[in-house]
Amino acid sequence: MSRDARHLGAEAIPVQIVKVIVYLGAGWLILAPLATPVGIGAAGVAVVIASVLAGVAVRKRLRPRAALTLGAGAFAVGWLASSLVRNSATLAGGLGVEGTVWTSDALFFGVALLGALFSVRYLAQRSRLVSVLEAAIAVFSVVYTFASHRYCQLNQPRDLVDWLLEQGISDPQPVLYGIGTAVMLLAIVMFMRRQSAWKTLFSMAVAIGVGVGVYFFIETDNLCNSPKPPPWAQKIGDEGEEKSAKDDQDGDPAGGQDKDGDGKPDKDQNGGGGGKGDKDKDKDDKGGKGQGGGDGRDGPQGGGGSGDGDSPYGKPPPNSPQPVAVVAFHDDYDAKDQVLYFRQQVQSRFDQTHLSVDSSGKYDKDVITTYPTTGPVTAGPGENPDLFTTLPTSVYLLADHPQPISLGQAAELRPLDNPNPDLFVASYDVTSYVLPERLDRLLGRKSVPDDWDEATAEHYTEIPDDPRYRALSDEILRDIDLRFYDDDLMKALLIKEWLEKHGYYTLKETHTDATDPTASFLFGTLRGYCVHFANAAVFLFRSQGIAARVAVGYGVDTSKRAGGSNLLILGNMAHAWPEIHLEGVGWITFDVYPEQSDEPPQQIVDQSLESMLGEIARKDPTGGRADDPDAAAFPFGAILLVLGLLAAALGVALYGVKVFRRLAPLLTGERDKHRWAMRAILDTFADVGVVRQRGETREAFARRVADVTPTFDALTMAHLRAALGHPGASAAPGATVRDLYRQVRAEYRHKVPLYRRLYGALNPIGWLMVR
Amino acid sequence: MNVAASKRPARRRSGGRPAGVLRDLRQAIAPLVRAWSPVPPTFLGLTLVAVALWAFFAIGKDDADHVVYALSAVALAMVALSNVVVGAAAFFLWRALRARPSGVPETLMAGTEATTYFACPSLRFWPLVQVAVAWGDPDTAAVTLEPDGATFIERVTPSERGRYAHVTRRFTVRDIFGFASLTFSRTWDQPLRVVPAVGRADTTLAVRRATSDGYSHPSGQPIGEMVEMRRYVYGDPMRHVIWKTFARDRQLMVREPERAIAPRPAMVAFFVAGEHDEPSASTARVFLEQGLLGADFVFAAEGAPRPTHDRGEALEQVIRSRAHRDTQADGLISLFRAVDRARLDNLVIFVPASDGPWIDKVLTASRRLPLPPMLVLTVDGELESATRSRAQRFLWEHEDHSDPTLRDLPAVYDRLRAANADVRVIHRASGRRLEATQIDALRAL
């Protein structure tokens, strides 16, 4: 390259090649989802041509205004031609639909993009500012492409994650970190100033070292910000599960019940049953706020989740709930109400103003609150097995829960090997009772059995000392059909119907300032969320002598599910609902569905994530992504072997040429000896980095290295005499080329330190630098 | 080949003049840039740090974007490493330079590249680091560095003449990405003399033509019998061609006045310093060194305390006149007072080919003379610029299209010719004397 070109900022060829590769990559990332294969191919060709043309333009000193004009002209021609092809009925008729699209794409991406890229590449070589813009384009293309994984949506982008799963890599975080590191290193290369090849390689090695160091430094960083490491990112050992179990055994299964009896949850504990959160701003938590009649603000997720009110994945994005559990069904099951209730705990003890978890151990024995760590955990008596059907499921928790969650009324929990400790914090099998009968088939039963002692009946029917509850329930039941005058289920149905008709579901009304939030809701605006409805219903039921309690957990709307045997539970599905007891039946779910609501319907679960997690739970290492689970993984080893062989072959070839050139003076005849001797000496110098500069004559070079080998001048002259004159010309008076060659080599060995000679001997590409 | 070049930002850019707004902006922020130069972080580095910090926290951490988190962390690490390495390398270089001699020859020639003996460490084993050297005094020298082992070979090309009491170099240590740059200066107390450049060999010819070979009166009237002859040169009148000689041996010869009779003019010469006067200084040097002013010449340059008859002193006056560009021909009146009025018939004034107050001053002074003085303008740059088509000028930059002397010549020439001045224009690069038609062609530039 001429000095003028350097002054103009023309980039070195390697940098241009790197930039072309970066442009190709960025173009592919951006265009892959947008353009046809023809368009992508045309864009790739345009990138190469534009880069070459821009390099030529800079060297030929094309004016910037001319470059911009030419680029803009090409862009306009390509764009107009593409539009013409697309909008012309005649052309479209001749080319056909596919041909029209391809031609249009080829014109736009092949010509218009060529013009734009030519201008940008040209300006980037003239102005460092534009070079920075190039780097920004490259970075943006990658960030944009992988942005879907934000907020810990680590099942995105699908193409990457699917491929990783096929390779058996279930945690994409390190890969994403690696992508970011590599992209920045590539972008930094685009900033690089022109310099020697040695400094470029040396500096890039250092830069790569920095990148690798940063990568390993941040590799373990947990961006999901969970108090416990997120299941995606870090292994969770038995410690977490043991802790959960210990909490349960300590008699605080709710993990946050109001112990001080002030009617509000303790700040450091759950206001409700099951969650731990205290951030009312998190919509994920709203499903179960104010559980237990607390003020609502400190209410956690209604029944699930863990971690101080945050999503189990730490920072959830707006309107982007996080997965908390996967449930694998072993039998088909269709919920009657299209809602599956996963109960975690129940609140039956009345604490002056609200319900809380009973920690006495006397009641709610039908609810399993401990994990099956060593063996099966069986529920106490509660349901009549004859009226329920059993449904086996497996639960894989993605986030810590103080108590296990289970579908319907869990009869038994059994330990289950965790199929992926990196992913799941706990797993267990559940045998659940689900009620196949419609509720109206259960009419005619009492709620409080006769065999209950007085304390038990009192426990499940105690309500606030507020006559308005009874008055309201009486008012609701005033018009009850006389045939069901004494039927508790009918009373409960009427109360439920009244609440559904008159209540208004909203997350905006929290009733946090009221002493009795339930009363504030029920006798006030009747606007509230599930916790208010559940508590209000329970108090109204109890006011009529119906045994009732509040269940806390997750309610999953199955109406929009695509099916499948796996079910993904998200954090925002946390829910609280009433349960009533019927003699001879047991506890049944008795949820209230308000007819009026200002909340959007439940978010549709990402089917791909649901399927993937389910398959992982079922010990498919590819997460169900591999078409053939037995298919061989990507042949990394073979590729590395081929690359290694190629590198070895290249090394052998380079060293072979080097050795041949070095031995040639000894093997050739006198006629060509001067040429090979000269080459061998020049190779020797090039190996240690001393090469003839552009414009430097052979004689000048010989004088330059005269300090090292004074005889080289004589050898050079002998070579020139032979090369430019007669091949048989004498080398020098009284000396042959062989003598001069040996003398030069001896001088070289004498002057050049051993380490440099060793370096030169190991250098396989020195002879490529010879001029 | 690794060549780190430090160039004058505006005047020496071969890529063309910076746009007006850009130039003004550069000038406006120049003090800030100078004040910031001892601090490693560059504007790019600081900007990248700001963007990376924002991306790291706002996108990487808050939005849990792993890619952005990693790339911004790498960016921050690279900027930090660059600044640390640049700072350490600059300190190493500063210590290494303390005991090194300047290696600058006592005399350099403007426009001519010279190799100094200054051994600047190349820091080749320092990663990420580049070293650039610029001269702060004289500040018009372009420096190129060529690595030679552990040091650089320094080649310097002063663009203007001058005399300096010391040499100051500015060393810039920067990283290859542009995130950090640190500049410091080192001064060597060593006198330096930069003499005007010498034009090409055929400049002599042009000069001889400009002065009618030293035989005729500059006004053009030959004195004496036309008995001598010499080879024809371009511009000789056809009537002086000896056709008999041409018919005999095909040699074009012309007659010229007899040497013995032609009065050898003892010229009085004055050098007007001004903007872009370096080509003119070259011509003045050629006049002095070639003896074209005659043996008994009187010479004065701008700012000189008195005229001189000595060639060496005259050249020294030309060199020192660079410091008096602002006075612009004020010394001409002093010369008139110091020299016998009769000798002012042979007055030659070397003037810069750029517009300035000197034009009015010279023309006013010329009116006081019995014969108009000969004004010698010297221009630089490539004349082919004028022959390029409109499309070529639109498409391609030209090496010397920005040369100010060529660009300004038509206007200066017109003003002088309008005052009936005797103007001779010499092109330094080719040594040719430019005729009116060639000057007209320059108007298209």
Side-chain angles (χ1 to χ4, degrees), chain A residues 3-4 6-9 60-63 65-66 69 126 128 132 139 142-143 146-147 149-152 172-173 176-181 183-185 187-188 191-196 198-200 202-203 205-207 210-211 213-215 217-218 221 223-225 313-315 317 689 693-694, chain B residues 1-5 7 12-16 19 44 47-48 51-52 55 59-78 80-82 85 122-130 144 146-149 174-179 391 393-399:
Chain A
R3 183 172 295 188
D4 292 338
R6 281 197 298 274
H7 291 169
L8 285 169
K60 296 290 183 184
R61 309 192 62 183
L62 187 70
R63 284 182 182 273
R65 64 190 181 196
T69 304
R126 300 294 300 261
R128 196 166 176 75
V132 173
V139 169
V142 176
V143 170
F146 292 96
H149 82 281
R150 284 183 185 173
Y151 307 110
C152 298
Q173 280 192 121
L176 292 169
Y177 283 142
I179 290 171
T181 303
V183 166
M184 196 63 220
L185 289 176
I188 283 177
F191 284 82
M192 192 180 288
R193 287 189 170 102
R194 165 173 283 279
Q195 71 224 283
S196 67
W198 153 252
K199 186 58 74 79
T200 301
F202 186 31
S203 300
V206 171
V210 171
V214 170
Y215 172 79
F217 187 74
I218 65 173
D221 283 4
L223 293 186
C224 295
N225 199 26
Y313 282 88
K315 173 174 284 300
Q693 304 295 341
R694 290 186 188 280
Chain B
M1 185 175 67
N2 182 5
V3 175
K7 308 178 75 63
R12 297 299 299 173
R13 277 179 68 103
S14 55
L44 176 63
T47 304
L48 185 61
V51 173
I59 300 178
K61 295 201 84 168
D62 288 356
D63 294 351
D65 189 319
H66 295 69
V67 174
V68 173
Y69 185 78
L71 67 86
S72 53
V74 172
L76 290 170
M78 285 305 303
L81 179 71
S82 295
V85 172
S122 61
L123 304 184
R124 60 176 171 166
F125 291 117
W126 284 74
L128 310 177
V129 167
Q130 279 184 326
T144 59
E146 182 181 327
D148 181 34
R174 63 192 177 202
D175 73 306
I176 60 174
F177 305 120
F179 301 149
R393 286 200 299 275
F394 174 79
L395 286 173
W396 309 108
E397 290 175 342
H398 197 264
E399 180 69 24

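The chains referred to below are lettered A, B, ... by the order of the sequence lines, with proteins before strands, and numbering in each begins at 1.
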### Task
Return yes when atom CZ of B/F394 has more than 12 non-hydrogen atoms of other residues, nucleotides or ligands closer than 6.0 Å, and no otherwise.
yes
#### Entry: For chain B, the option from A/G213, A/G689, A/A207 that forms the most heavy-atom pairs under 4.5 Å
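Among A/G213, A/G689, A/A207, the one with the most close pairs to chain B is A/A207.
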Where [X] and [Y] come nearest, the two heavy atoms and their spacing:
{"X": "B/A73", "Y": "A/V214", "result": "CB-CG1, 3.7 Å"}
{"X": "A/L62", "Y": "B/L395", "result": "CD1-O, 3.1 Å"}
{"X": "A/S203", "Y": "B/P127", "result": "OG-C, 4.0 Å"}
{"X": "B/Y69", "Y": "A/Y177", "result": "CD2-CE2, 3.4 Å"}

### Query
B/I59 versus A/R150: any side-chain heavy-atom pair under 4.5 Å?
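Contact flag for B/I59/A/R150 side chains = yes.
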### Query
Any side-chain heavy-atom pair from A/K60 and B/W396 closer than 4.5 angstrom?
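Yes, their side chains come closer than 4.5 Å.
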### Task
Under 4.5 Å heavy-atom distance to chain B, tell me which part of A/T200 shows up: side chain, backbone, both or neither.
neither
Tell me, side chain or backbone of [X] under 4.5 Å from chain A's heavy atoms, or both, or neither?
{"X": "B/F125", "value": "both"}
{"X": "B/L81", "value": "side chain"}
{"X": "B/L76", "value": "neither"}

### Query
Counting distance only, does the side-chain N/O of A/H149 pair as donor-acceptor with the main-chain N or O of B/D65 below 3.5 Å?
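Not at all, since once roles are kept as given, no pair shorter than 3.5 Å links the two residues.
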### Message
Can a donor-acceptor pair be found, under 3.5 Å and without considering hydrogens, that links the side chain of A/K199 to the backbone of B/V129?
### Response
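Present.
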Taking atom [atom1] of [X] and atom [atom2] of [Y], what is their separation to the nearest 0.5 Å?
{"X": "B/F179", "Y": "A/I188", "atom1": "CZ", "atom2": "CD1", "result": "4.5 Å"}
{"X": "A/I218", "Y": "B/H66", "atom1": "CD1", "atom2": "NE2", "result": "9.5 Å"}
{"X": "A/T181", "Y": "B/L71", "atom1": "OG1", "atom2": "CG", "result": "8.0 Å"}

